[in-house]
Amino acid sequence: MPLRDHFLDSLPQVFHWEGFHSAWANTMVRHLNQTLLPARYRAAPHTHLGSQAEVDIGSWDTEPQAGDLTVPANGNGTAVWAPPQPILTLQTELDDPDIFEVKIYDEKRQSCLVAAIELVSPGNKDREAHRRDFVLKCASYLRTGVALVVIDIVTSRRENLFEVLVELLKVVEIDGNWEPSELYAFAMKPESLQKGWRVRTWPCTLRINERLPTLPLWLAERFAVPIDLEASYEETCSVLRA
């Protein structure tokens, strides 16, 4: 099934990208856990639509009573500890980023995170701070030995996060050639060297009305599983009747 444009304003609300991204992540989790991953590995979805989403579940905190917040004093009684006044007060906007990802854990290594699949959202690309937050997360994964697959089918924003990631990683040499494109997917396998890091990379150009590729998801130094983006995409479209 060829790639569709999920970011058209003319699409009915039921077909909007948020639901599709979430469903696609869950489809990939099912493919991984049911057919691709050995028993020692487990995939789990992690999705969160940042500050654009409304909270549907509220929480309440009742007013504490006089005896609820007490600590032992020097005598037999109790006293409420009074913290010092703050030295600095910082006014800021704490970003709440969009997250659409699949995480793969190795149960034999105490549920160590070994790989992640990231679905790029428009919110990850809409301004410089958000683009940097996204690639910082990717770089953090790579620096801790976590392999990556990143998929960007966002047509409403043209920024290329692969280029931003390469710049952040302070790449000193590129062995190979690839022309950046607006839609893309790439796999990355970090390898620790005596001096620095080497990141093996499999970039692919994506195009509307063309089939999606298969990328390697590395779980260990010499072991990878094929992430058939076309198969999971086609199943997601079929389930959602998109």
Participant: Is Glu191 paired with Arg198 through a side-chain N to carboxylate O contact shorter than 4.0 Å?
Facilitator: yes
Participant: Is any side-chain N of the basic residue among Glu118 and Lys137 closer than 4.0 Å to the acidic one's carboxylate O?
Facilitator: yes
Participant: Do Glu101 and Tyr141 make a side-chain contact, defined as non-hydrogen atoms from C-beta onward lying under 4.5 Å apart?
Facilitator: yes
Participant: With distance as the sole test, does Asp152 use its side chain to make a donor-acceptor pair with the main-chain N or O of Val120 at under 3.5 Å?
Facilitator: no
Participant: Could you check whether any side-chain N or O of Asn124 sits under 3.5 Å from a backbone N or O of Asp98, counting only pairs where one atom can act as donor and the other as acceptor?
Facilitator: yes
Participant: Which pair of non-hydrogen atoms, one from Ser111 and one from Tyr105, has the smallest distance, and what is that distance?
Facilitator: O-CD2, 3.3 Å
Participant: Does Ile174 belong to the same Ile/Leu/Val/Met/Phe/Trp/Tyr cluster as Leu161, with side-chain heavy atoms less than 4.5 Å apart forming each link?
Facilitator: yes
Participant: Do Phe162 and Val150 make a side-chain contact, defined as non-hydrogen atoms from C-beta onward lying under 4.5 Å apart?
Facilitator: no
Participant: Might you point out which heavy atoms bring Ile153 and Leu183 nearest each other, and give the distance in Å?
Facilitator: C-CD2, 3.7 Å
Participant: Can you tell me how far apart CH2 (Trp17) and NE2 (His6) are? Round to the nearest 0.5 Å.
Facilitator: 12.5 Å
Participant: Would you indicate whether the side-chain heavy atoms of His21 and Thr47 approach each other to under 4.5 Å?
Facilitator: no
Participant: I'd like to know if the side chain of Lys189 reaches the main chain of Glu221, judged simply by a donor and an acceptor atom lying under 3.5 Å from each other, with no hydrogens or angles considered.
Facilitator: yes
Participant: Considering non-hydrogen atoms only, spot the tightest contact between Val166 and Val171 and give its length.
Facilitator: O-CG2, 3.5 Å
Participant: Just by modelled atom types, is the Val199 backbone N or O under 3.5 Å from a matching donor or acceptor in the Thr201 side chain?
Facilitator: yes
Participant: Taking it one step at a time, do Trp202 and Trp178 satisfy side chain to side chain contact (heavy atoms under 4.5 Å, CB included)?
Facilitator: CA-CA 10 Å; Trp202 292 259; Trp178 179 67; over 6 Å; no
Participant: Leu32 vs Val102, test: side chain to side chain contact (heavy atoms under 4.5 Å, CB included). Steps then yes/no.
Facilitator: CA-CA 10 Å; Leu32 285 163; Val102 175; 3.9 Å; yes
Participant: Can you tell me if CZ on Arg132 sees more than 12 non-hydrogen neighbours from other groups inside 6.0 Å?
Facilitator: no
Participant: Quick test of your reading: applying salt bridge (Lys or Arg N to Asp or Glu O under 4.0 Å), list the pairs with at least one residue in residues 169-180, sequence neighbours left out, ordered by first then second residue.
Facilitator: none
Participant: Is there a side-chain contact between Arg207 and Asn209, using heavy atoms and a 4.5 Å cut-off?
Facilitator: no
Participant: Are side-chain heavy atoms of Tyr184 and Pro180 found at a separation under 4.5 Å?
Facilitator: no
Participant: Taking the side chain as everything from C-beta on, heavy atoms only, tell me whether Leu36 gets closer than 4.5 Å to Pro226.
Facilitator: yes
Participant: Just wondering, do Lys125 and Asn160 contact through their side chains at under 4.5 Å, heavy atoms?
Facilitator: no
Participant: Quick one: NE2 on His46 to CZ on Phe100, what's the gap to the nearest 0.5 Å?
Facilitator: 10.5 Å
Participant: Do Ile117 and Met28 pass the side chain to side chain contact (heavy atoms under 4.5 Å, CB included) test, and can you show the C-alpha distance, the side-chain angles, and the key distance before you say yes or no?
Facilitator: CA-CA 9 Å; Ile117 303 173; Met28 286 189 279; 4.1 Å; yes
Participant: Taking the side chain as every heavy atom from C-beta outward, state whether Met188 and Val149 have any pair of such atoms under 4.5 Å apart.
Facilitator: no
Participant: For the residue pair Ala185 and Leu229, what are the closest heavy atoms and their distance?
Facilitator: CB-CD1, 4.2 Å
Participant: Closest approach of Gly19 and Leu240, non-hydrogen atoms and distance?
Facilitator: O-CD1, 4.3 Å
Participant: Can you tell whether the side chains of Arg158 and Glu182 come within less than 4.0 Å, N to carboxylate O?
Facilitator: yes
Participant: I'd like to know if Ile208 and Leu119 are part of one continuous hydrophobic network [Ile/Leu/Val/Met/Phe/Trp/Tyr, side-chain heavy atoms within less than 4.5 Å].
Facilitator: yes
Participant: Testing the basics here: between His31 and Glu235, what is the closest heavy-atom pair and its distance to 0.1 Å?
Facilitator: NE2-OE1, 2.7 Å
Participant: Establish, from distance only, whether the side-chain atoms of Ser232 and Trp24 form a donor-acceptor pair under 3.5 Å.
Facilitator: yes
Participant: Rounded to the nearest 0.5 Å, how far apart are CD1 of Ile227 and CG of Leu215?
Facilitator: 8.5 Å
